[in-house]
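As the structure is a computational prediction, the values presented were derived from the model and not from experiment.
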Amino acid sequence: MKLKSAVTLLFSAIATQLSAAPIDPANIQFIGPIGQNIQTKPHHTGHQSAIVGNLVDKLSTDAKSLDVFGQRINWQPLNDVNALTMGGLQALKLNFSTARFVQGTLKLTGIEKGHVFLNGQLIDGNSEYKLSAVTGDHQLLIIAEQVSDWKKVTVEFDGTEAHDILVFSKKETKALSAKQLFDAPTISAISVSPDANYYVATQQHYQDNQGNKALRDTTIHNEDGDVIYRLSGVNAGAVSWRADSKELVFVQNKQLKALNIKSLKETVIAEGLAGASGFKYFNDDSLIFTWTKRAPEGDKIVKHLKGLEDRWSYARNKSQVYLIDISTGLVQAITEHELSHSLEDFDSKSGRILTTRHPQNYRAPHHGVTELVEFDIKNNSHKVIGQYGTFGDARYGNDGIYISAGAGFNNGAGSVVAKDVLVNNYDTQLYWMNDDGAAVKPLSKKFDPSIDSFSVLNNGDLILKVTDEDRKKLYFYDESKSKFKSLNTKLDVVDKFSVADKRSPVVLATGTTASTPQKLIQLSVKNNRANTLWDSQPIAYQNAEIAKLEEFNFTNSVGTEIKGRVYIPHGLDKSKQHPALIYYYGGTSPVSRGFTGRYPFNFWATNGYVVYVLQPSGATGFGQEFSAKHVNDWGNRAADDIIEGTKAFLDSYQFVDKNRLGNLGASYGGFMTMTLATKTDMFSASISHAGISNLTSYWGHGWWGYLYSSEASKNSYPWNNMKLYSEQSPVFNADKVKTPLLLIHGDADTNVPVGESHIMYTALKLLNQDVEMIEYKGADHQIFARDRRFQWWNTMLAYFDKHLKEEPQWWQHMYGK
């Protein structure tokens, strides 16, 4: 007799339905016995949770078999199983899909000791389990410890409402999930040896039984990719290689150590260096590093502010540059001073060390200055090369210094816009200047991308990471020809990169494209070819359904091309009308093409939304004329671009329902959401995360408000441009808001204080407008922790489901009616 006739799996499509149709056993996978000689079941031990929990990850994979105590057992359709009873453990696995948020009760009969897992997470219960599932594909796993009579086993799902339907199938592809995007393994740091024969990589991932804790593993690889050593508790980004690649240093368990790469022997150099970081080989005998001394707590009743910087919690900490002798551990101070110093670069042959410091200076327009200071340890002297209002990084080059800074550096040396146009100094340019700073040469005037960071090669050439429109790319700068060349990494967004500075330079880089997850690539600069060393796609995204990506650009009403892209859900039926989400930033940075991130466009598409991402005027990476439009705009041109872009999007994508549009943005994008709510009613629901409602309070209260405003509101202040600070603040136009609005904010946000959302919330409540506010306790400007990230993603989707799909159940499940 087959188990098919003894086990009935039922579900209820309607809560009041008296009987339910059985699920086809061909859609149910069975495995067992798992450990057929096990007589003492987990519940008879003191370790039931661990024993069962350790099986979940293995049983949840798509593997067709499992090896247990040397015996291979196979998954098989339930209707192929003949035995009525068996030893060990058994498991049932069901894959199901939901077209919307579903909730109900899962009822088990006949399984005396069982454990139910939904997508790898244990569901509390005994014979009845409360189950809720969001839009997408899911897995139900039932591990049975004790079954007296399989003939009496039934599993039934009773939906709470008529729409609560689970669709079981053997579909091979799977909708992209939040857990995939957050938990999947990624390489978070890399460091390649100067000879390119070795590299260090830190890989991290998350799993259910570890909660918010990331599992990290730092390994050293040889040129064949084989792991030759593990560095427990060390981040690859904090290791440093000796110039000959024979040794590397790192901090582990509060000890500064060196590792011989051939013998793999560790040597302790020093201990007790709390607050020290950034160790680099100055030469073969010594290391250069930064040592930070935390400021004493001070008076417990009052704090006397000594300047605008005192709004930063770390403002009174002091950081200085030091050398340490490798053989004895003797430390030598280099930059002892009342001001902190940051290490920019060094030249050990000449004994020169390049640093920056920040004397207090609030003069307009930058409200701060950077001093570039050079220390000569051979002559025991130092000199201030210059003071600059805009400044990024400094590195030694051939017969001079490379500088990254805004177009306004050195009295506008890098500017290509008209003299009456205020440049956006967040659009970073590249310069060369001589050793004393007297001569400055702009190098990137004809190069539209904005410089993020750069490494100088021994011959004076550069490897640069840049913002190139909505991409993060690597470029090679040929110093002799003064030319930039794009490096073909095959990545849209480079996350991390490390350079092996040998005769033919080699670059290792991690990154993604808009539609593919993270890879680690190795690229030869000479032939500009990349090969993949590691790929997360086959590890975590096998058979994942990923949205189709289309480029969508339009020309706005003043003749400027506005770039954008559209994510179309997998398998979308274009004969029907679908809701859409419009995402933007609107500030000085473009929205990058990362595969995932805080705002996961591919995941939104999985949940049935067409997603349009656009880059309004003012963003960097599109050239100085484009980025300059950000200065003193605060929602004017950017809002017009979003409104015009949405209309163009609707004209081109006829399957998008114009009456079911949602829009959202964060930080400056949150400000844009509030601003748009005062300018248009074309959206059906809006979300502002950490948005700015009052330009004056943000300018005076946020940790960096006055500094950001030195570019965004250049030369404009509440006393000389009241129109900008009042009329362009959303709260001053709150009475024009008609769109339902959700305000999200961390209550410990230091960048944009939570009061910015409170102000708008108060106004809209008094105006009897449809407004909701969600605060994340203890969260700063971003939501990082795993549990909060999932809850936050759910909150946004539940809100849009409520307003754009007329499906309020998810929101009500989370927050009540």
Exercise. Do Gln615 side-chain atoms and Val591 backbone N/O form a donor-acceptor pair below 3.5 Å?
Worked result: yes

Exercise. Taking atom types as modelled, is there a side-chain donor on Thr516 or Gln537 under 3.5 Å from an acceptor on the other?
Worked result: no

Seminar exercise, completed: Residue pairs meeting salt bridge (charged side-chain N to carboxylate O under 4.0 Å, His left out), one or both in residues 96-108, sequence neighbours left out, come to Arg100-Glu807, Lys107-Asp158

Problem set entry | Tyr567 side chain near Leu549 side chain, heavy-atom distance below 4.5 Å | yes

Exercise. Between the side chains of Gln103 and Gln809, does any donor sit under 3.5 Å from an acceptor?
Worked result: no

Exercise. Does a side-chain heavy-atom distance below 4.5 Å link Leu59 with Trp75?
Worked result: yes

Problem set entry | Closest heavy-atom pair and its distance - Ile165, Thr98 | O-CG2, 4.1 Å

Exercise. Could you walk me through whether Gln48 and Glu145 pass the side chain to side chain contact (heavy atoms under 4.5 Å, CB included) check?
Worked result: CA-CA 10 Å; Gln48 180 188 35; Glu145 281 193 56; 2.7 Å; yes

For this session: Side-chain contact test, heavy atoms from C-beta onward, threshold under 4.5 Å: evaluate it for Val610 versus Pro569 and give yes or no.
Result: yes

Exercise. Roughly how far, to the nearest 0.5 Å, is the OH atom of Tyr761 from the CG atom of Leu742?
Worked result: 10.5 Å

Exercise. So Val134 and Asp801, side chain to side chain contact (heavy atoms under 4.5 Å, CB included) or not? Walk me through it.
Worked result: CA-CA 11 Å; Val134 302; Asp801 279 6; over 6 Å; no

Problem set entry | Partner of Tyr776 by side-chain hydrogen bond (donor to acceptor under 3.5 Å, both in side chains), out of Arg788, His745, Gln791, His689 | Gln791

Exercise. Which is it for Tyr653 and Glu550 under the side chain to side chain contact (heavy atoms under 4.5 Å, CB included) test, yes or no, and what are the steps along the way?
Worked result: CA-CA 11 Å; Tyr653 291 85; Glu550 295 183 357; 2.7 Å; yes

Exercise. Are any side-chain N or O atoms of Asn119 and backbone N or O atoms of His138, one a donor and one an acceptor, separated by less than 3.5 Å?
Worked result: no

For this session: Would you please test Gln76 and Asn74 for side chain to side chain donor-acceptor pair (under 3.5 Å) and show each step?
Result: CA-CA 6 Å; Gln76 56 186 311; Asn74 299 315; over 6 Å; no

Problem set entry | By ring-ring contact (aromatic ring centres under 6.0 Å, His included) - contacts of Phe554 (at least two apart) | none

Problem set entry | Geometric cation-pi criterion, Lys805 with Tyr609: 6.0 Å, 45° | yes

Exercise. Aromatic rings Trp793 and Phe182: how do their planes relate, parallel, tilted or perpendicular, breaks at 30° and 60°?
Worked result: perpendicular

Problem set entry | Non-hydrogen side-chain atoms of Ile783 and Ile744 separated by less than 4.5 Å | no

Exercise. When you look at Leu118 and Val116, which way does the side chain to side chain contact (heavy atoms under 4.5 Å, CB included) test go after all the steps?
Worked result: CA-CA 7 Å; Leu118 178 64; Val116 178; 6.0 Å; no

Problem set entry | Flag side-chain contact, heavy atom, 4.5 Å: Lys174 against Asp62 | yes

For this session: Could you label the plane-to-plane angle of the His813 and Phe101 rings as parallel, tilted or perpendicular, counting under 30° as parallel and over 60° as perpendicular?
Result: tilted

For this session: Measure from the side-chain N and O atoms of Gln769 to the backbone N and O of Lys738, and report whether any donor-acceptor pair falls under 3.5 Å.
Result: yes

Exercise. Just by modelled atom types, is the Ser188 backbone N or O under 3.5 Å from a matching donor or acceptor in the Thr186 side chain?
Worked result: no

Problem set entry | Asp470/Lys563 ion pair, N-O < 4.0 Å | no

Problem set entry | Test item: Thr510 side-chain N/O and Lys496 main-chain N/O as donor-acceptor pair under 3.5 Å | yes

Seminar exercise, completed: Between the CG atom in Asn95 and the CG atom in Leu166, the distance rounded to the nearest 0.5 Å is 12.0 Å

Exercise. Do Lys519 and Ser536 have side-chain atoms, one donor and one acceptor, less than 3.5 Å apart?
Worked result: no

For this session: Go through the side-chain N and O atoms of Thr105 and Glu128 and say whether any donor and acceptor fall under 3.5 Å apart.
Result: no

Seminar exercise, completed: Value for CZ (Arg565) from CZ (Phe552), rounded to nearest 0.5 Å, stands at 14.0 Å

Exercise. Tyr129: what forms a ring-ring contact (aromatic ring centres under 6.0 Å, His included) with it, not counting sequence neighbours?
Worked result: none

For this session: With the side chain counted from C-beta on, respond yes when Val754 and Met773 share a heavy-atom pair under 4.5 Å apart, and no when they do not.
Result: yes

For this session: With Ile143 as reference, evaluate Val52, Leu92, Ile31, Ile111 under the side-chain contact (heavy atoms from CB on, under 4.5 Å) test and give the passing residue.
Result: Val52

Problem set entry | Heavy atoms from other residues, nucleotides or ligands near NZ of Lys171 exceed 12 (cutoff 6.0 Å) | yes

Exercise. Looking at side-chain heavy atoms only, is the closest gap between Leu614 and Ile582 below 4.5 Å?
Worked result: yes

Problem set entry | N/O donor-acceptor pair under 3.5 Å between Asp492 side chain and Ala514 backbone | yes

Exercise. Just wondering, more than 12 heavy atoms not from Asp787 lying within 6.0 Å of its CG?
Worked result: yes

Seminar exercise, completed: For residues 647-659, the salt bridge (charged side-chain N to carboxylate O under 4.0 Å, His left out) pairs (sequence neighbours left out) are Asp657-Arg660

Problem set entry | Test log, rule side chain to side chain donor-acceptor pair (under 3.5 Å), inputs Tyr668 and Ser589 | CA-CA 10 Å; Tyr668 197 102; Ser589 302; over 6 Å; no

For this session: For Phe595, enumerate each residue passing the ring-ring contact (aromatic ring centres under 6.0 Å, His included) test, keeping only those at least two apart in sequence or located in another chain.
Result: Tyr541

Exercise. Does Glu756 offer a backbone N or O that forms a donor-acceptor pair with the side chain of Ser693 under 3.5 Å?
Worked result: yes

Problem set entry | Interatomic distance, Trp810 atom CH2 to Thr795 atom OG1 [nearest 0.5 angstrom] | 8.5 Å

Exercise. Hey, would you say the Trp792 and Tyr599 ring centroids sit under 6.0 Å apart?
Worked result: yes

Exercise. Does the Thr61 side chain pair with the main chain of Asp57, one donor and one acceptor, at a distance under 3.5 Å?
Worked result: no

Exercise. Would you call Asp208-Arg786 a salt bridge at under 4.0 Å N-O?
Worked result: yes

Problem set entry | Aromatic plane relationship, Phe655 with His578 - under 30° parallel, 30 to 60° tilted, over 60° perpendicular | perpendicular

Problem set entry | Side chain proximity check, Phe168 to Ile28, heavy atoms < 4.5 angstrom | no

For this session: Verify the distance criterion only: is there a donor paired with an acceptor across the side chains of Asp749 and His781 at less than 3.5 Å?
Result: yes

Exercise. Is the CD atom of Glu551 crowded by more than 12 outside heavy atoms at less than 6.0 Å?
Worked result: yes

Problem set entry | Thr173 side-chain N/O to Glu545 backbone N/O, donor-acceptor pair under 3.5 Å | no

For this session: Enter the distance from Asn602:CG to Leu176:CG here, rounded to the nearest 0.5 Å.
Result: 6.0 Å

Exercise. Is there a donor-acceptor pair under 3.5 Å between the side chain of Thr512 and the backbone N or O of Gln518?
Worked result: no

For this session: Only counting residues at least two apart or in another chain, list the ones meeting side-chain hydrogen bond (donor to acceptor under 3.5 Å, both in side chains) with Gln210.
Result: none

